[in-house]
Amino acid sequence: MISSTALGGRIASTRKRSGLTQAELARRLELSRTTLVAVEKGERRMSDGELIRCAEILAVSLHELLRPGWVEGAIAPRFRLPRLEEVDRGELQGVVEVLRQLACKLVTLEQLLDIRRPPSQIEAIGTFHAFGTAAGLDPRLAAESAAQMVRAHLGLGDGPAVALDELFEVEAGLKIFYLEELPPSVAGLLIWGSEIGANVAIQPRLPRELRRWALAHELGRCLFDPEAGDVLPARGRERKQTADVFAASFAKAFLLPGPGVSRQFADRCRSNVGRFTVADVVRMAGLFEVPLREMALRLEELGLVARGIYEGLAARAAPAKTAGMGEAKAGSGEPPPPRLPARYVALACDAFELELISERELVDYLETDRVSARGVYQTRRLRDLGEGVEVELELARSVLRAA
Amino acid sequence: MVTRLVIDTCCLLNLLASRLAVEITSVLDLELVATPHVRREALSLRGGFGEKVEKSGTPADLSQLEAAGRLRFEPLEGPAIESFVRCIEHLHEVDAAAVALAATLGLALATDDTRQRNVARRLFPELELRSTLSLLRPALAGLGLSREQSCAVARDVRTRANFLPPKWDPDREWFLELLAGAL
C-alpha cells in the first residue's frame, strides 16, 4: 500500500499540474483547506470516497495515483511556450501535456519491465552544451562539428541517413511521437525532463522529407540544450537565437554532410559527362530524403551550383513561400506515420504478455479499442510458418544463453 | 433458477461477437451483472467472415441483452467501494470495479484477463472465476447446434472480437478445433 506521504505528494503534484489551488480543490472535495494541506503533507489520509472524488476532479486515473511506482514526469522548468502567430497557446499547452503523458507511459512500461536503459553514446556527450556558453563560437561551425561527431558515433559515413526514427531512438535516446494534435503551423515539439528524458512530437501531416528535417532539427536542439525544449514552427522567418541557428545548421549538416553531398555531385557530373541539371538536384534530394529547397540551398552553399537555383524554381511556384519548413497539408497520398514509436508498442505488448498489465491497460497504452488492441498484440505474436500453420510466439521470452 | 454472474468487458465483448448473446444467456439461465464502467467503455466489433465493416468497427449493441433481462448494470456502493480501492492499486479502474462488484455481491466473475484473475485470486481467494469459453461451450451444447454452426460461432468470436483464448484456459483446444473446422 502506498504511504500517506507518497500519496499526498502525488495529489499535490497532480493538483498543481491541473492548475487548481489548494483552496479550489478543497472546496470541490468539500474539505477544509487545512485538511487538504494535511493530506498533501501525508499527515492525514483521504477516505476511499474522497480519493475517488479527488481523482475525478483532477481528471487522473485513481490507479495511477495509487499504483506502486509513479512517474511524475515533470518537464524542466526552463521550457517556455513561445508566442507564435496562428497558434493558440492553450492548444499548444494541451499538446505539451499529451506528449508529457505519453512520455510518462513509456517510462512506466520500462519500470514495469525492469528496463534500466543506460544513456546512449550521444546522450552521454555533454560537450555540445558548452557551445551555448562559450563566447565567440559560431554556432554554425559548432553545429557542423556536432553533426560530424554524431555521424561518426553512428557509423553513418557521409552517405544518406536512413531510418532516422530507429536511429535516433536507439542511439540518441529520443522518444518520437507523431501527434495529430499539433497545430498545422507547428512542425515539431521537444520536451525534456529528468525522469522522462527527451521526447519529440513531430507533425504527421508534413511530407516525409520535412518530417525528417524537423526530427534532425529537434535532435540538434536536444544536443544543444535539452532543458529549454523547443517549439519548431512549420513556416515563418528564420529564427536567430543561438540555439535555433545551431539546430538548423545541425539538421543541414547531419542530413546533408558536405563531403557526401560533394561526392554525389561529382559522381553525377561524371556520369552525365559534365552536366548537372535541375533533375539531378531533384534526384539528390530524393537520395538524401530531404526537401528540395534544402538540397538546392546546400549545393549552393557548398559552391557546387550557381547561386539562386532554388529562388529561380520557387519564383515559378505560386504562392511564394517564406523561409521555413512548409505547412502541414492533408492528403499527400502517403500513409501517415504511426503515432506511437515501435518500441513503445513493443513494450506495451511485452508487459501484457508477461501479465504485468491487463487488457484494459493495454487499450490505454495503445490508445485504441479492445478489439484493435487484441489485434495489435496478436499481429506481433502470430507468425505464419507456411502450409496453413500459424504459431504463437512468446516475444518477451529471453533467448540468451544461461551464464 | 437464474444464476447471476458479474461479467467483465472482455467476456461481454466476446459474447456479443458470437451473435448469440441472448440465446447463450437464456440457455444457461444467466443474468449478467456489469459495472457502469462497462457501459462507459466504447465497445466496438469488427466484421465477421466475409463482412465488410468500417476499419473502426461497429458499436457493440447491449440493448438486446438488456431488453431480454439478461444484462443489468449495478453501481459500486457501500462495501464495494472499499473493495474497489483495495483492487485499484493493482488494476485499472474498469478491471478493479468488476472484481470489487463480484466480491461484494458474492457472485462469480467472468473474465479472460490473466492479470485481473491473478489479482482477484490474491485479494479474494474465495471468488469464483469463469471465462468466455466456460460459458460458450456448455451454451453451444445446450442450444443443440450442429458442428458446422458451432464452428461458425467460433469464427465469429475470433474475427469480430479478435478473441484467442489464453493458454491457461482448459477449453482452449476445443475452441481452436472449432476454428480449424471453420476454415
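Naming convention: chains lettered A, B, ... in sequence-line order (proteins, then strands); numbering from 1 in each chain.
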Looking at side-chain heavy atoms only, is the closest gap between P68(A) and H90(B) below 4.5 Å? no

What verdict does the side-chain contact (heavy atoms from CB on, under 4.5 Å) test give for L62(A) and F84(B), after you've listed the backbone C-alpha separation in whole Å, the side-chain angles of each residue and the deciding distance to 0.1 Å? CA-CA 10 Å; L62(A) 186 55; F84(B) 174 67; 4.3 Å; yes

State, without any angle test, whether D113(B) and S358(A) hold a side-chain donor-acceptor pair at a distance under 3.5 Å. no

Would you say the side-chain atoms of E93(B) pair up with the backbone N or O of S61(A), donor to acceptor, closer than 3.5 Å? no

Taking atom CD1 of I88(B) and atom CD1 of I52(A), what is their separation to the nearest 0.5 Å? 7.0 Å

Could you give the distance from CZ (R86(B)) to CG (D48(A)), rounded to the nearest 0.5 Å? 11.0 Å

Look only at the side chain of H92(B) and the backbone of R360(A), and say whether a donor-acceptor pair between them is shorter than 3.5 Å. no

Residue selection (most heavy-atom pairs with chain B, distance under 4.5 Å) from D364(A), I2(A), L354(A): D364(A)

If you apply the rule side-chain contact (heavy atoms from CB on, under 4.5 Å), what do you find for R115(B) with E361(A), and how did you get there? CA-CA 10 Å; R115(B) 172 152 180 87; E361(A) 289 178 278; 4.2 Å; yes

V371(A) versus N162(B), closest heavy-atom pair with distance: O-ND2, 2.9 Å

To the nearest 0.5 Å, how far apart are CG in L66(A) and CG in L91(B)? 12.0 Å

Under 3.5 Å, side chain of R374(A) to main-chain N/O of A161(B), donor-acceptor pair present? yes

Region of D112(B) in contact with chain A, defined by heavy-atom distances below 4.5 Å: neither

What part of F163(B) is in contact with chain A, defined as an atom under 4.5 angstrom from a non-hydrogen atom: side chain, backbone, both or neither? both

Is there side-chain contact between M1(A) and E89(B), with heavy atoms separated by less than 4.5 Å? yes

Just by distance, no angles: are the side chains of S44(B) and R370(A) close enough, under 3.5 Å, to form a donor-acceptor pair? no

Rounded to the nearest 0.5 Å, how far apart are CG of L45(B) and CG of D369(A)? 9.0 Å

Give a yes or no answer on whether the side chain of E359(A) reaches the backbone of C10(B) with a donor-acceptor pair at less than 3.5 Å. no

